[in-house]
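Keep in mind that what you see is a predicted model, and the values were worked out from it rather than measured. Letters A, B, ... are given to chains in the order of the sequence lines, protein chains preceding strands, and every chain is numbered from 1. The analysis underlying the following values was restricted to heavy atoms, covering all of them including side chains, and did not include hydrogens, waters or symmetry mates.
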Number of protein chains: 2
Amino acid sequence: MPTQRHGPRSRRERPAKPALTRPGIIATAVELMRAEGLERVTMRRLAAELDTGPASLYVYVRNTAELHAAVLDGMLGAVDLTPVTATGDWQDRLVQVLVSYTKLLFDNPGLAQSALVARPSGPGYLNLLEAVLALLNEGAVPDGRAAWLCDVLLQFATATAAEQATRDHNTEAEQEMDALVAAIRNASAETHPRIATLGDDLVSGPGSDRLDWGFRLLINGAIHTPRPIEQNR
Amino acid sequence: MPTQRHGPRSRRERPAKPALTRPGIIATAVELMRAEGLERVTMRRLAAELDTGPASLYVYVRNTAELHAAVLDGMLGAVDLTPVTATGDWQDRLVQVLVSYTKLLFDNPGLAQSALVARPSGPGYLNLLEAVLALLNEGAVPDGRAAWLCDVLLQFATATAAEQATRDHNTEAEQEMDALVAAIRNASAETHPRIATLGDDLVSGPGSDRLDWGFRLLINGAIHTPRPIEQNR
DNA sequence: ACCTGAACACCGTTCAAGT
DNA sequence: ACCTGAACACCGTTCAAGT
């Protein structure tokens with residue numbers, strides 16, 4: 001067996017180029033997103049990080065949307081699920097879990113948006129789903145409603161984060177928000193009496209109050225709203 | 001008054017190149033979106049349609065997100081607001097308006113997604129907002145809650161459309177849905193007992209039933225959930 | 001003030017060809 | 001089966017220069 005020749009290192013930064021694997025690719029993508037934000041997690045940028053060409057990634061990843069969904073699932077491990085087994089009011093604990101999920105999305109602008117398009121289906125998402133369902137079960141929410149409600153709860157959290165996320169790190173979106181505020185203030189009392197009456201209240205309030213109220217509204221709503229054909233199973 | 005000279009047409013397709021104006025640009029963008037979908041409403045594509053270069057558009061439009069918001073606002077005129085002044089249960093009529101809005105977004109994949117990022121603030125949006133607020137007022141929902149609720153209602157409609165829209169015209173998203181369904185079916189009863197129990201119910205049901213239930217849940221929820229510090233005004 | 005050409009700095013995805 | 005180079009067909013946005 002001939003000894004393998006050890007040439008001088010051609011790459012100083014990445015001395016050993018690891019073989020491509022799906023978990024490895026996604027781990028690198030998560031790193032990249034933490035370092036530079038989701039908007040930099042592109043096929044080309046990621047391929048460069050892995051010392052290869054973009055075409056190579058298509059063996060392991062269907063497309064960019066699927067890649068982003070996998071990245072999100074990888075981050076969902078950071079959601080605090082301890083309230084599930086803690087003591088106290090089940091609604092309060094459910095809100096805690098949901099707030100933790102929402103905060104994660106808040107801190108990672110862009111992730112929330114991609115979550116609305118391509119839902120993750122990995123272990124991170126399943127654990128979060130199970131946690132929400134466990135708390136709804138503890139609260140004796142009928143199974144049929146619980147199944148649909150958990151979807152609405154996570155969707156509300158995701159959509160809220162998607163809206164806020166883009167408004168935070170993005171000057172343009174801020175200006176659009178200002179445009180909406182201005183439009184509401186300028187609304188004529190004759191053509192838009194309700195908007196004129198409510199005024200700033202329409203766009204006011206600290207985000208966390210609105211978020212908390214929203215979660216409690218959803219839970220209360222489900223308790224008071226039977227499904228079209230209620231299956232109690 | 002000198003007669004205007006009629007030179008030979010230099011451009012057969014677009015005999016008169018109209019001056020650029022913001023309303024004109026947005027009208028062309030709406031046309032383009034109806035013809036080819038929002039994903040084709042790019043600065044470059046739109047500029048080509050207007051016989052100019054992309055740079056010219058930046059005098060009238062801040063960026064692509066703002067353009068898309070303006071397109072959406074232009075389409076909101078098609079939402080059926082007649083239930084506002086009709087007779088019958090106010091909740092049913094509110095749901096009718098919201099379903100009309102949702103359907104509009106359903107038919108125009110991509111528009112919903114952009115609505116979550118850059119909210120419109122034009123006449124179309126204000127009219128829709130006023131309609132929802134008028135019905136909530138008719139239902140005697142306290143002002144403070146109505147102000148926040150209308151946001152949640154429209155957000156729910158928008159997010160639902162954004163999810164479904166991408167799933168419809170997009171084969172990739174379908175496969176991701178399948179991945180989620182498969183993941184839920186394969187969930188172990190030991191690690192994920194609630195998911196295993198509820199099973200297909202988590203992803204089941206005709207979309208319109210879930211949508212209707214969601215709207216009614218939100219309305220009921222608001223009726224039963226005071227704001228953190230309720231201002232009754 | 002408005003409009004433009006040209007450039008800068010990127011994208012996703014496919015495919016034939018190699019190993 | 002996996003990996004690659006190269007290509008195809010696009011993007012958004014800026015800026016100096018013109019009118």
*If every non-hydrogen atom of A222(B) is compared with every non-hydrogen atom of L217(A), which pair is closest and at what distance?*
N-CG, 3.7 Å

*Grab the CG-P distance between L57(B) and dG5(C) for me, whole Å please.*
13 Å

_In whole Å, I'd like the distance from the CG atom of N63(A) to the C1' atom of dT14(C)._
13 Å

*With rounding to whole Å, what would you report as the distance between dC8(C) and dC11(D) at their C1' atoms?*
12 Å

_Closest-nucleotide ordering on DNA chain C, the 5'-leading residue of R44(B) and L20(B)_ = L20(B)

*Stems in DNA chain D: runs of 3 or more consecutive Watson-Crick or G-U pairs, distances under 3.5 Å?*
C:4-8 with D:12-16, C:12-16 with D:4-8

*asked:* Looking only at the side chain of M43(A) (C-beta and beyond, no hydrogens), which of the listed nucleotides dC15(D), dG12(C), dC3(D) gets closest?
replied: dG12(C)

*Rounded to the nearest Å, what distance is computed from the OH atom of residue Y58(A) to the P atom of nucleotide dT14(C)?*
7 Å

For residues 20-35 of chain A, run the donor-acceptor check on the side chains, cut-off 3.5 Å, and write out each pair with its distance to 0.1 Å, sequence neighbours left out.
{"from": "T21(A)", "atom 1": "OG1", "to": "G24(A)", "atom 2": "N", "distance (Å)": "3.1"}
{"from": "R22(A)", "atom 1": "NH1", "to": "Y60(A)", "atom 2": "O", "distance (Å)": "3.0"}
{"from": "R22(A)", "atom 1": "NH1", "to": "E66(A)", "atom 2": "OE2", "distance (Å)": "2.9"}
{"from": "R22(A)", "atom 1": "NH2", "to": "E66(A)", "atom 2": "OE2", "distance (Å)": "3.1"}
{"from": "T28(A)", "atom 1": "OG1", "to": "G24(A)", "atom 2": "O", "distance (Å)": "2.9"}

*asked:* In whole Å, I'd like the distance from the CG atom of L46(B) to the C1' atom of dT13(D).
replied: 15 Å

*Taking atom C1' of dC3(C) as reference, at what distance in whole Å does atom CD1 of I25(B) sit?*
11 Å

*Considering only atom C1', compute the distance from dC2(D) to dA17(C) and round it to an integer number of Å.*
13 Å

*Give the minimum heavy-atom separation between A196(B) and A189(B), together with the two atoms involved.*
CB-CA, 3.8 Å

*dC3(C) phosphate, OP1 or OP2: any side-chain N/O from T52(B) under 4.0 angstrom?*
no

_Measuring to OP1 and OP2 of dC11(D), would you say a side-chain N or O of T42(B) lies under 4.0 angstrom away?_
yes

*With ring centroids as reference points, do F156(B) and F215(B) lie under 6.0 angstrom apart?*
yes

*asked:* Does a side-chain N or O of T64(B) approach OP1 or OP2 of dT13(D) to a distance below 4.0 Å, or not?
replied: yes

*So which one's nearest nucleotide on DNA chain C is more toward 5', A55(A) or R45(A)?*
R45(A)

*asked:* For D73(B), is there an ion pair with R119(B) - N to carboxylate O distance below 4.0 angstrom?
replied: no

*Can you name the closest pair of heavy atoms from S121(B) and L180(A) and give their distance?*
CB-CA, 3.5 Å

*asked:* Rounded to whole Å, how long is the line connecting atom CD of E66(B) with atom P of dG12(D)?
replied: 14 Å

*Minimal non-hydrogen separation, L98(A) against T102(A), with atom names*: O-OG1, 2.7 Å

*Once you round it to whole Å, what is the distance between P of dA1(D) and CZ of R22(A)?*
19 Å

_Separation of atom CD in E39(B) from atom P in dA9(D), rounded to whole Å_ = 18 Å

